[in-house]
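Letters A, B, ... mirror the listed sequences (proteins, then strands); counts begin at 1. Below, each value reflects all heavy atoms present in this structure, side chains not excepted, and no hydrogens, waters or symmetry copies.
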Number of protein chains: 4
Amino acid sequence: MTDLARLVVDIADEMAMQTERGEVATYIAPLAAIDPRRFGLCVVTADGAVHMAGDALEPFSIQSISKVFALTLALGKVGEALWQRVGREPSGTSFNSIVQLEREQGIPRNPFINAGALVVADVNLAGHAPRLALGELLRFVRHVADDETIAIDEAVARAEQATGFRNIALASYMKAFGNIRHAPDLTLGVYFHQCAIAMSCLQLAKAGRYLMQGGLLERGGMRVVPARRARRINALMLTCGHYDASGDFAFRVGLPGKSGVGGGILAVAPGRASIAVWSPGLNANGNSQLGTLALERLAEATGWSVFGAG
Amino acid sequence: MTDLARLVVDIADEMAMQTERGEVATYIAPLAAIDPRRFGLCVVTADGAVHMAGDALEPFSIQSISKVFALTLALGKVGEALWQRVGREPSGTSFNSIVQLEREQGIPRNPFINAGALVVADVNLAGHAPRLALGELLRFVRHVADDETIAIDEAVARAEQATGFRNIALASYMKAFGNIRHAPDLTLGVYFHQCAIAMSCLQLAKAGRYLMQGGLLERGGMRVVPARRARRINALMLTCGHYDASGDFAFRVGLPGKSGVGGGILAVAPGRASIAVWSPGLNANGNSQLGTLALERLAEATGWSVFGAG
Amino acid sequence: MTDLARLVVDIADEMAMQTERGEVATYIAPLAAIDPRRFGLCVVTADGAVHMAGDALEPFSIQSISKVFALTLALGKVGEALWQRVGREPSGTSFNSIVQLEREQGIPRNPFINAGALVVADVNLAGHAPRLALGELLRFVRHVADDETIAIDEAVARAEQATGFRNIALASYMKAFGNIRHAPDLTLGVYFHQCAIAMSCLQLAKAGRYLMQGGLLERGGMRVVPARRARRINALMLTCGHYDASGDFAFRVGLPGKSGVGGGILAVAPGRASIAVWSPGLNANGNSQLGTLALERLAEATGWSVFGAG
Amino acid sequence: MTDLARLVVDIADEMAMQTERGEVATYIAPLAAIDPRRFGLCVVTADGAVHMAGDALEPFSIQSISKVFALTLALGKVGEALWQRVGREPSGTSFNSIVQLEREQGIPRNPFINAGALVVADVNLAGHAPRLALGELLRFVRHVADDETIAIDEAVARAEQATGFRNIALASYMKAFGNIRHAPDLTLGVYFHQCAIAMSCLQLAKAGRYLMQGGLLERGGMRVVPARRARRINALMLTCGHYDASGDFAFRVGLPGKSGVGGGILAVAPGRASIAVWSPGLNANGNSQLGTLALERLAEATGWSVFGAG
């Protein structure tokens with residue numbers, strides 16, 4: 001067993017003993033029903049090795065982590081023009097704040113807050129029926145994860161749609177500024193469904209490989225995006241990936257990462273590893289309590305922080 | 001001539017031909033008088049090599065870059081307790097905004113916006129007369145830069161003091177919340193003087209070495225701070241070092257960096273290089289226009305971005 | 001001809017010569033098509049006399065003036081309990097701001113900004129189908145105006161519905177906080193239709209009589225609301241009736257008043273007169289430019305300001 | 001005994017039995033020391049009659065009520081030009097908020113929030129030494145109150161100065177925008193001293209007579225300000241006189257009024273009465289708990305509400 005394999009198991013063991021596990025999201029029934037004791041971790045390294053522990057094969061709702069893949073797709077469609085409709089700065093406010101939109105005339109601060117992700121969904125919808133736009137995103141995720149079984153959890157999507165009034169407000173508000181181009185209902189439909197994609201830690205860690213290795217699916221393999229774009233997506237994940245706790249995540253973990261309210265986090269150690277962790281209990285900022293802690297342990301032990309080793 | 005030496009010279013040459021150089025700060029006379037055509041660049045690598053071009057030996061007002069050194073000093077004094085008085089999140093607003101302070105009860109969002117730097121100055125002032133607190137900071141900067149000639153430009157300090165009403169407002173406001181412990185005049189005095197430290201690119205790049213190499217002054221040399229603290233300061237520089245353009249700097253350059261209104265930027269490529277650049281013209285966000293561009297070129301050519309190479 | 005009759009004609013004559021008439025609202029076609037030269041004025045006094053000039057018999061879209069009647073109806077239904085769902089303070093922001101809702105957890109500042117009027121519409125909808133709720137409001141307006149011909153302009157209602165994304169955002173946002181009880185679509189339907197009521201100055205001035213005379217339809221006549229409630233609605237009109245220009249209207253005119261984007265204003269001189277004015281050009285704050293000026297002239301000449309005569 | 005005389009006594013008696021008296025201000029020792037059981041009421045009517053009850057002859061710190069007199073003085077000096085430096089709109093925020101100043105570039109929303117009162121003090125200071133500016137204000141107050149014994153409580157002024165960091169912040173902040181013309185220390189000195197004027201209910205009610213009777217000191221007497229100005233000051237008191245509870249005061253009492261943190265309120269029934277009430281316990285909005293209640297009773301019983309009788 002390699003040192004890394006051992007470390008992954010040790011971290012999972014330590015997490016199993018934690019009693020402060022945060023609070024599982026309760027705003028929709030399918031999330032509220034998840035057992036807070038679940039924990040999964042998967043690390044895929046640049047040489048192709050895969051290390052897993054805990055519930056790493058159990059699919060969970062990736063929620064906002066889907067914003068990374070949707071952003072990648074949108075940049076492929078419209079390139080840098082995207083930045084005329086969405087900013088690249090940390091928001092300084094919570095994930096679903098509408099205040100900033102009023103001050104900045106309907107331009108969301110970044111593609112990882114909900115408003116920004118709605119604009120990205122609107123871009124991905126262009127020229128498509130919603131079903132086809134979702135199909136395209138799902139094909140992309142299956143491709144980068146190398147797994148055709150990945151699917152959308154329709155029960156989650158329906159529950160989101162029935163309760164998502166803040167997101168409806170955000171979309172309607174941006175529509176008033178002309179920054180949503182389709183009927184808000186359609187854009188929201190795409191958004192609610194992309195958030196309902198279910199993936200396991202293994203699938204998610206594999207899906208993040210192109211961000212680890214300069215845009216390539218694997219070392220010497222197929223190019224998913226140009227190297228510069230992979231770097232830039234990583235930069236956005238680091239500055240904006242954890243909403244109003246992005247600074248804290250950078251401070252503690254030191255890796256680009258994107259969290260979801262389902263308790264998952266995708267983290268990238270450029271040139272070294274793509275990491276997925278899942279624990280459904282959330283901290284006060286809405287990010288996985290043990291997921292963050294597990295990544296802090298992993299980065300400390302491996303020296304993978306982008307801010308230096310030693 | 002090594003590749004890196006050549007690159008440094010090439011970048012300086014390219015910058016010399018740029019016509020869009022931004023606007024020199026005019027709020028105080030000593031800064032307004034600086035020739036916008038000045039440009040300096042210095043790179044100190046992990047192996048101790050030094051590469052310079054342009055006006056790299058010319059001292060300039062480091063202004064907010066001093067916040068990095070003041071923060072390092074304060075963390076040495078009070079450690080993690082500092083984070084009870086100042087946050088670690090990007091602000092989402094401009095460098096001297098007072099709005100956030102009202103919402104968050106006098107706790108600044110991070111140590112690199114002015115309000116946060118005033119709290120840090122207040123920490124450094126504890127138990128000292130202002131003159132001694134400044135002496136301590138200056139000794140620290142001289143130590144890490146290995147240069148006893150570094151000094152405070154008194155004309156700049158006086159000019160700051162005569163016009164710094166927004167900073168007086170920030171300090172008074174936090175005093176009302178109890179988050180400034182000394183008479184605001186004293187804390188402001190320390191702050192205005194630390195911003196008036198004058199350094200050349202060479203001095204600044206050398207002063208940044210401990211952030212590049214895990215807290216060591218040089219490879220195998222004296223420890224300035226623990227490795228973890230160096231990483232964390234780098235993380236703060238990346239998420240908060242360029243005010244409300246921190247996301248954009250991370251996106252374009254991909255290195256932890258701290259800018260000053262004097263036109264300087266200190267950037268750190270962990271494990272590889274400490275870099276200082278100076279060009280007095282500022283962009284719309286108050287960061288050096290050509291300094292940012294030069295760093296973008298350097299990071300692109302060297303692959304030093306913390307977000308991946310390739 | 002009485003002095004007041006003469007004054008009303010003189011004011012209309014003066015307004016006809018004004019060249020700075022503001023800008024007609026253009027967000028929906030039916031409003032954009034209105035001739036900016038229209039001007040109507042009607043004064044109904046406590047003794048029942050009616051004085052008119054200009055286009056006082058021409059129906060126009062009363063828009064936000066309908067909020068006064070909808071509020072009266074809602075207070076009749078739920079009484080003081082209404083104030084648990086909507087405040088009574090000036091907003092300090094524009095009529096359709098969403099910022100305040102986030103800070104105050106979905107409770108609008110007053111019933112005359114759009115968010116507050118949506119809550120009022122939601123109250124009036126309780127226990128009814130939307131069509132019946134609208135019928136009830138229309139019956140109330142016809143009753144107080146003593147005119148069965150008053151109707152809703154369906155073309156206006158449809159146009160509002162097709163472009164009202166900010167109002168959809170406000171309703172969805174308050175739904176997320178639980179302060180809209182019905183499906184937002186239904187509440188919005190009631191709101192868009194009530195804004196589309198068309199009335200002439202004569203009809204509107206007659207409809208305002210109960211606010212002039214302590215809740216009575218006419219001196220010695222039928223009681224519409226208790227005297228205290230009439231006073232309180234007047235107080236709300238004075239402090240909140242002109243959005244973010246309410247202070248200026250109180251300063252210049254000195255009467256409780258409510259403006260609409262169609263260019264109408266209903267003003268009340270308690271114990272003396274109910275006044276309606278219409279001129280479709282709006283000032284920078286979205287209130288009728290000449291309507292405000294005409295009321296300023298009228299109040300100055302009559303000494304009707306609630307803030308003193310002399 | 002007239003009905004009004006009886007009413008004044010009855011109200012004082014009712015207030016004496018109230019147990020919920022609010023909280024006395026504690027931010028400075030001289031205010032914290034006041035007995036919460038004090039209550040005074042004085043009504044001066046248009047015919048010159050004076051009715052008093054309770055501690056109506058006891059001087060108290062008028063605090064923000066001084067803003068009414070300072071505003072009257074400033075309008076006499078610079079007239080309508082004042083409105084280029086301060087607005088006339090309700091603030092929608094608390095009395096000492098700094099947020100609005102940032103959004104509106106250093107222009108306070110109205111002359112009755114602290115920032116606006118500081119601008120007014122700055123206007124009154126023009127061309128004077130602070131001592132002389134204060135002397136002029138004091139002479140004005142003594143003149144309208146017809147009482148040469150009114151004085152500044154120096155202990156209160158000193159205590160304000162020692163703890164007034166939020167006001168220092170406001171003044172410094174506006175100085176940064178150029179909307180404070182003198183050294184902030186001087187302007188603040190005038191402001192802190194004017195707030196420390198001590199007056200009894202009798203003195204205060206007499207001082208408010210010019211606002212009751214169209215600018216005249218007494219019926220047929222000397223003119224203090226033009227009638228229009230008196231009306232406009234009343235309008236500002238009604239829309240802005242109770243900070244973020246101005247709407248509620250208009251709703252409940254229906255009279256122009258200005259409160260102070262010392263527990264006093266000056267209220268004006270135009271054409272009818274000038275009223276002063278004092279009870280040191282404050283409600284959650286910082287306005288006198290029993291003072292407001294007493295005025296509500298008085299207005300209800302007399303029908304003096306500007307929004308109608310009956």
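Crowding of D:Glu104 atom CD: a count of heavy atoms from other residues, nucleotides or ligands under 6.0 Å exceeding 12. Counted within 6.0 Å of CD on D:Glu20, heavy atoms from surrounding residues, nucleotides or ligands total 12 or fewer; the atom is thus considered open.
Below 4.5 Å, heavy atoms of chain D meet heavy atoms from B:Lys175, B:Ala176, B:Phe177, B:Pro184, all part of residues 175-194 of chain B.
Between D:Ser172 and B:Ala169 the shortest heavy-atom distance is CB-N, 3.6 Å.
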